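Before any comments, here is the structure.
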Amino acid sequence: MYNFRFSIPTTIYFGKGQISHLSELAKYGSKALLVYGGGSIKRNGIYDTAMKILGDAGVRVTELSGVEPNPRIETVRKGVQLCKTQSIDMVLAIGGGSTIDCAKVVAAGALYEGDAWDLVIDPVKITKALPIFSVLTLSATGSEMDAFAVISDMTKNEKWGTAGDALKPTMSVLDPTYTFSVSKKQTAAGTADMMSHTFESYFTKEPGCDVQARFAEGLLKTMIKYGPIALAEPDNYDARANLMWAASHAINGLIADGSKPAWCVHPMEHELSAFYDITHGEGLAILTPVWMEFVLKKDPSTAVNFAVYGRNVWGISGDDDMEIAEEAIDRTRKFFTESMGLPANLRAVGIHSDEHFKVMAEKATKGSAGFFVPLTSADVVEIYKAAF
Ligand code: NZQ
Ligand code: ZN
């Protein structure tokens with residue numbers, strides 16, 4: 001296990017009615033930028049509740065609405081402009097990962113002299129940010145409790161993740177009832193996303209990280225148990241609560257710190273989103289089983305890792321690691337497609353041509369040094385083709 005620094009400064013208020021704690025924003029100033037998406041928070045009533053609490057607490061609100069799924073740099077720039085011209089004290093995101101990510105970069109951009117895109121492509125430039133708060137409405141990305149933000153410039157087919165301690169929210173409200181209205185498609189995609197975050201850290205060649213691995217297995221079992229229940233019963237509190245809390249822990253450092261994982265499937269998916277604007281979790285569900293098969297074939301010594309996964313997460317028994325590994329991958333694919341109704345291939349999400357695969361693969365392997373199994377850009381083209 002490597003040395004590490006584990007730091008989560010985010011206060012979490014978890015459960016029904018915890019939105020009342022938005023009154024605490026008054027401690028941070030009197031002007032908040034409220035960031036939200038296409039209007040789901042108005043339809044399910046969270047907007048009205050939040051506005052009342054903020055108003056009663058004496059916090060004045062300026063709005064940045066219309067944040068896109070796969071949030072755009074243009075929207076971030078609008079938010080930065082509002083913060084600078086209106087002397088905003090803090091940024092409050094109400095929504096899913098896209099809204100929270102946009103709010104994070106707005107908060108950093110507000111205290112940065114140059115263009116906000118600099119902060120997306122060069123995390124070192126993120127040294128400070130306005131205080132960030134979130135009310136989470138979709139369980140998936142973990143943005144509510146992590147240091148990351150992912151922003152796109154669709155004019156250049158660029159989608160990059162950035163990170164910084166300053167991007168960790170000061171406080172996040174996690175009320176599972178706020179996710180009752182999430183569609184089946186987004187519930188399934190969110191479950192695939194949190195599972196992928198777990199896989200990205202879990203599949204590592206670093207030995208001796210048992211704490212991280214056993215936590216990861218517990219998270220995966222929870223996601224596999226409750227994902228289908230949330231699909232069948234959207235207002236099942238326990239299902240929504242367990243997914244919500246599992247998603248936060250999948251990416252807050254708990255299972256990654258100490259094993260230095262280099263994420264591999266995410267860079268491949270970010271290229272799909274950058275070129276085709278698809279739903280992040282759907283892209284991950286398509287690529288993950290294909291990636292697993294590819295690395296097992298390329299490096300058969302990984303049968304040990306996939307067999308541990310098969311035994312501990314899926315309860316597969318037997319002595320032959322390779323057989324268990326193959327069955328575990330098969331179960332993963334069936335879980336995504338059959339239990340969660342996620343798309344099985346790239347054509348199912350509207351990608352009908354391989355014309356960009358080469359350039360996408362080159363970008364996806366830029367930071368490939370620490371991958372679980374090192375992949376060349378030619379390997380990634382193979383993975384895209386197999387996912388086709
Ligand atoms: O925009 P609104 O109207 O709010 O609707 C959203 C959006 O259409 C809707 N939605 C959210 N909460 C809802 C709801 N609809 C009904 N009821 C609710 N309670 O769901 C749609 C998708 O929302 P979005 O925020 O885009 O989804 P998600 O949370 O999956 O975020 C995806 C983005 O996060 C990035 C992804 O790349 C993608 O851009 N990621 C961020 C990460 C991070 N910050 O750590 C890590 C991830 O790996 C990921 O890359
Ligand atoms: Zn993700």
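Values below: all heavy atoms of this structure, side chains included; hydrogens, waters and symmetry mates excluded. On a predicted model such as this, the values are computed, not experimentally measured, just so you know. Counting starts at 1 for both ligands and their atoms, following the listed order.
- In Asn44, the part holding a heavy atom less than 4.0 Å from any atom of ligand 1 is the side chain.
- Contacts between Asp101 and ligand 1, counted as non-hydrogen atom pairs separated by less than 4.0 Å, involve the side chain only.
- With a 4.5 Å cut-off on side-chain heavy atoms, Ser172 and Val135 do not count as touching.
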Checking side chain to side chain contact (heavy atoms under 4.5 Å, CB included) for the pair Tyr13/Leu174: CA distance, chi angles, key distance, verdict? CA-CA 6 Å; Tyr13 287 110; Leu174 275 59; over 6 Å; no

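- Of all protein heavy atoms, the one lying nearest to atom 5 (O) of ligand 1 is Ser40 OG, 3.8 Å.
- Of all atoms in ligand 1, numbered sequentially from 1 with element shown, those under 4.0 Å from a heavy atom of His197 are 46 (C), 47 (C), 48 (O).
- There is no side-chain donor-acceptor pair under 3.5 Å between Lys16 and Tyr237.
- Side-chain polar atoms of Thr376 and Asp379 form a donor-acceptor pair below 3.5 angstrom.
- At least one N/O/S atom of Asp193, from backbone or side chain, sits under 2.8 Å from the Zn ion (ligand 2).
- Residue contact check for ligand 1: Ile41 places no non-hydrogen atom closer than 4.0 Å to it.
- The side-chain heavy atoms of Met292 and Asp330, taken from C-beta on, include no pair separated by under 4.5 Å.
- At least one heavy atom of Gly39 lies less than 4.0 angstrom from ligand 1.
- Put simply, the side chain of Lys104 reaches to within 4.5 Å of the side chain of Pro169, judged on heavy atoms.
- Within ligand 1, the atoms closer than 4.0 Å to a non-hydrogen atom of Lys159 are 36 (C), 37 (O), 38 (C), 39 (O), numbered from 1 in the order shown.
- When the options Arg72, Glu144, Gln186 are ranked by their closest heavy atom to atom 22 (C) of ligand 1, first place goes to Gln186.
- Side-chain N/O atoms of Gln18 and Tyr178 include no donor and acceptor closer than 3.5 Å.
- At a threshold of 4.5 Å between non-hydrogen side-chain atoms, the residues Glu382 and Phe357 do not count as touching.
- Only side-chain heavy atoms of Asp146 come within less than 4.0 Å of ligand 1; its backbone N, CA, C and O stay farther off.
- Under 4.0 Å from ligand 1, not a single heavy atom of Phe180 appears.
- Those atoms of ligand 1 that come under 4.0 Å of a heavy atom in His270, given as number and element, are 37 (O), 50 (O).
- Using a 4.0 Å heavy-atom cutoff, Glu269 is absent from the residues neighbouring ligand 1.
- Between Glu200 and His197, the side chains place no donor N or O within less than 3.5 Å of an acceptor N or O (distance only, hydrogens not considered).
- The proximity of Ala140 to ligand 1, defined as any non-hydrogen pair under 4.0 Å, is limited to the side chain.
- The heavy atom nearest to atom 27 (O) of ligand 1, out of those in Leu138, Asp277, Thr279, is found in Leu138.
- The aromatic rings of Phe306 and Trp291 sit perpendicular to each other, their planes meeting at more than 60°, with 30° as the lower class boundary.
- Remark: ligand 1 and Phe148 share an N or O pair separated by less than 3.5 Å (distance only, no angle test).
- In summary, the atoms of ligand 1 found under 4.0 Å from a heavy atom of Pro69, numbered by their order in the structure, are 8 (O), 26 (O).
- Draw a line from the Zn ion (ligand 2) to NE2 of His266 and another to NE2 of His197, and the angle between them is 90° (to 10°).
- Near Gly37, meaning under 4.0 Å from one of its heavy atoms, ligand 1 places the atoms 1 (O).
- Of all the atoms in ligand 1, the ones that sit under 4.0 Å from a non-hydrogen atom of Ser181 are 16 (C), 17 (N), 18 (C), 19 (N).
- Ligand 1 lies nowhere less than 4.0 angstrom from a heavy atom belonging to Glu68.
- In this structure, Pro71 counts as a contact residue of ligand 1, since one of its heavy atoms falls inside 4.0 Å of the ligand.
- For atom 39 (O) of ligand 1, the choice among Thr187, Asn252, Asn70 with the nearest heavy atom turns out to be Asn70.
- Neither the backbone nor the side chain of Ile100 comes within 4.0 Å of ligand 1, counting heavy atoms alone.
- Counting non-hydrogen atoms of neighbouring residues, nucleotides and ligands closer than 6.0 angstrom, the CZ atom of Phe215 reaches no more than 12 such neighbours.
- The closest side-chain heavy-atom distance from Thr162 to Phe148 is not below 4.5 Å.
- The protein reaches atom 36 (C) of ligand 1 closely, with a heavy atom under 4.0 angstrom from it.
- The distance criterion of under 3.5 Å between nitrogen or oxygen atoms is not met by Lys104 with respect to ligand 1.
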